[in-house]
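What follows is a short report on a single structure.
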Amino acid sequence: MEALANCAVLNTTDSLKLSITNHLRFTLGAYVETASENDWYVATSLAVRDRVMERATQSRRQHRSQGVRRVHYLSLEYLMGRLLENNLRNAGIYDATKEALKEMGKDLDALVQKEPDMGLGNGGLGRLAACFMDSLSTMDLPAIGYGIHYEFGLFRQEFVNGKQVEHPDAWMRDGSPWKIARPSYRQSVKLYGQVIQKFDEFGRPHHEWIETKCLLGLPWDIPIVGYDSNTVNVLRLWQAQADEDFNFKVFNEGSYIEALREKAIAETVSKVLYPNDATESGKELRLVQQYFFVACSLADIVRRFKGGYDLPWSEFPSKAAVQLNDTHPAVAIPELMRILVDQEKLEWSQAWDICQKTFSYTNHTLLPEALETWSVALFERVLPRHLQIIFEINRRFLDEVEARWPGDGEKKRALSLIEESGGKKVRMAHMSVLGSHATNGVAALHTRLLCERLFPEFFELYPDRFLNLTNGVTFRRWLDVCNPELSALITESIGAGWLKDSTKLIALDKFADDASFKEKFQAIKRGHKVRLAKIIQDTCGVSVSPDALFDVQIKRLHEYKRQHLNLLHIVSLYRKIIANPNFDMAPRVFIFGAKAAPGYYLAKNIIHAINAVASKVNHDPRVNGKLKVIYIPNYGVSIAERIIPAADLSEQISTAGKEASGTGNMKLALNGALTIGTLDGANVEILEEVGPENIFIFGLTVEEVTDLYARGYNPWDFYHASEDLRLSIDWLASDYFTGNQDEFKPLRDSLLSHGDPFLVMADYDKYAACQAEVDKAYRDQPHWQKMAIHNTARMGKFSSDRTILEYAKNVWNLPQIGV
Ligand code: NBG
């Protein structure tokens, strides 16, 4: 590994030992003999960080000296999980470090567990950003991730009497050895105030934004180590601070408490991650957060451009690409316009040209409630100058629309950046498409629906701006780190290199019929199931058999993902087992992991229902070991790393057309779980890759969903037509599970009297039939193992390296450094 050759001497066991003890002694002031486990974790991480920082500095210098274009990934969320093991493995010093610690009487695997998860995201969108950061460094692409340094990540979930209770996630209460403050790159951000127009000596108007409030942004850098690469990029997260000057006057007047109050308010901006996924919050603080991190990031990019090169502004896009991860950072578009027009005095049309060349936008959802809009009144109060700029962008754009479709008011209404009905709102998605040169969806089906249904008029206007970039996941974390046994078996069978070139994984396909390989593959899965069974025993107090089928649904709790469809099937099995003690089925453990947004009552009702069913099923002697239902609390990256290698079946059962892509589906299949799923999101492409004989597909297609609605959907029709469904739903809504027959009324109502918006009733029978197929298939273990191996072998397409290289080539026009 060339990357390591540079610093081989630093990476010996002896050198690592010295580094770790030095950090214990000199950084932490601890004695080797009495240091706590946490001290050891911190000292080890710092020893690793030293080595990594060296490479980060080299990467930065190289990018600067070569004057290459960089991509700046703007995301409000990064679900990084733990960093130590990932960094060790990516840097190629896992074995040496493990040995160094062993010689000092310490177990690396235990220390790794000391690290709190860095959970700065809600779900797929945030984890995708983390996978992308890994791939960008691994593929030697010059990149910087920008985000918010939240003091509290996504809440910690606990169940009290089966109901979700949220607690703050103080992930960095004890600090974090991975982050480094960069006070010299602090930025200052304006908010609120008003705009006045002035004229220069030639009578030309310009705008001044005055009487503003000011916030400071302190950057924290987290190094992102590539696997087997020379590049270490950074993730730069902004922490909000009060501007000292702002408080000074109040302070001097003796209002010490008042001054501190101002300070506290300023700091709330980076306090907490909004726990929303696919729902829009409409909160002022959220808009302030968005603008704060965007303004800091753009100022940082502009600083680098102005300081690094002596180039005209027209060259800005040749040095900087900016990717908008969903619409959350879309205010970057008017912000760059403000910088270019108000500060740099560029002509509007030149500034607009620069903006479009700089930005590109990824859409991650079609759900209408998740498409961000901000009320014009709020925008005007918080960002008055930006609202003016948006109006001007819109005015010019609608002129263009008029030229293309003269007199067509309908088209203008559909395309406008401003929604006129029900109180004026700024449509952030429209602004993102218009201000970018590329808009992409995250799976083929999703991109098609984006063009046909969400943005048909934009697609008609600018067909060349739309493209598909199917998501991927990093095989380092989602196979090498979480399943090192399988990773080693793959390397032993097909040779090294597949972790960096995932297309090589297909060589594994031929082992699907190799008896000795199958045996090892199965033994690895069983080992993970035994380990997960222990975790389940420890966290849920329920004993499960590792020989049962582990049926896993792990993702955010949302109606469109249909955890309740899964639940109705469980209730049906339970009913059948009780009715017939000889009911023949392969023993199954249903495993859930999911958080619900705190204000999402129906999702919380579903959580309660799953827990209530679990508690009955798991304690009912009549079930006789055939069925267990487990809800692992506080789902997040680290527990996912334990569940995924142990899964036999992966539930990907969203209503067709609702899941943009999914990435859990890829991680599970990569680890040899078979998918039961609808033709939704990336499932469609997983089917293409693994072949119909290695996946369980059921349910309405997107077109069938459309037809059903066109005919008029009535969930009661399905209720009356299916005895199985009717009995299950009525039983679930009875007093049997909690003693209170109203407890799950909201759930039942949503499926029946409220119209079943996600077609659970319509898909139920097909789902249950497909599950019966799964049951049959699982009993033929040799064949099941063969299918599982085909799944792992055929996942090469779903590496985030592939996705990132497509972005680099088709969107960012980015060079791979030194390749
Ligand atoms: C989510 C989609 C997933 C997708 C991820 C990453 C949002 C808004 N969208 O299907 O629901 O896999 O984004 O693209 O979180």
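Computed from heavy atoms alone, side chains included, the values below leave out hydrogens, waters and symmetry copies. The residues of the chain are indexed from 1 along the displayed sequence. Order of appearance sets the numbers: ligands from 1, and atoms from 1 within every ligand.
Of the listed options Ala443, Ala682, Gly662, Gly662 places a heavy atom closest to atom 4 (C) of ligand 1. Evaluated by nearest non-hydrogen atom to atom 13 (O) of ligand 1, the leading choice among His558, His364, Lys658 is His364.
A heavy-atom distance below 4.5 Å is found between the side chains of Tyr462 and Leu434.
Under 4.0 Å from ligand 1, not a single heavy atom of Asn122 appears. Here Leu125 has heavy atoms under 4.0 Å from ligand 1 in both its backbone and its side chain.
Which parts of ligand 1 touch Ala660 is read off a 4.0 Å heavy-atom cut-off, strictly below it: atoms 10 (O). Listed by number with element, the atoms of ligand 1 under 4.0 Å from a non-hydrogen atom of Tyr560 are 11 (O). Heavy-atom contacts of Gly124 reach the following atoms of ligand 1: 5 (C), 6 (C) (cutoff under 4.0 Å). Here is the list of ligand 1 atoms found below 4.0 Å of a heavy atom in Glu659: 2 (C), 3 (C), 10 (O), 11 (O). Residue Ser661 has at least one heavy-atom neighbour below 4.0 Å for each of these atoms of ligand 1: 10 (O), 12 (O).
More than 12 heavy atoms of other shown residues, nucleotides or ligands fall within 6.0 angstrom of atom NZ in Lys766.
Between the side chains of Glu372 and His328, no donor-acceptor pair is found at a separation under 3.5 Å. If you check the side chains of His364 and Asn325, you find a donor sitting under 3.5 Å from an acceptor.
Look at Gly681 and you'll find every heavy atom at least 4.0 Å from all atoms of ligand 1.
The distance criterion of under 3.5 Å between nitrogen or oxygen atoms is met by Asn471 with respect to ligand 1.
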Inset, instruction - Applying ring pair (Phe, Tyr, Trp, His ring centres under 6.0 Å), run through Tyr600 and His558 and close with a yes or a no. - result: CA-CA 9 Å; Tyr600 188 175; His558 200 290; 5.1 Å; yes
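A cation-pi arrangement is present between Lys595 and Phe155, with the terminal nitrogen or guanidinium carbon under 6.0 Å from the aromatic centre and inside a 45° cone about the axis.
Checked against Val71 for a side-chain contact (heavy atoms from CB on, under 4.5 Å), the options Val811, Leu136, Leu141 give a single hit: Leu136.
For residues 656-676, every residue pair satisfying the salt bridge (Lys or Arg N to Asp or Glu O under 4.0 Å) rule, not counting sequence neighbours, is listed here: Lys561-Glu659.
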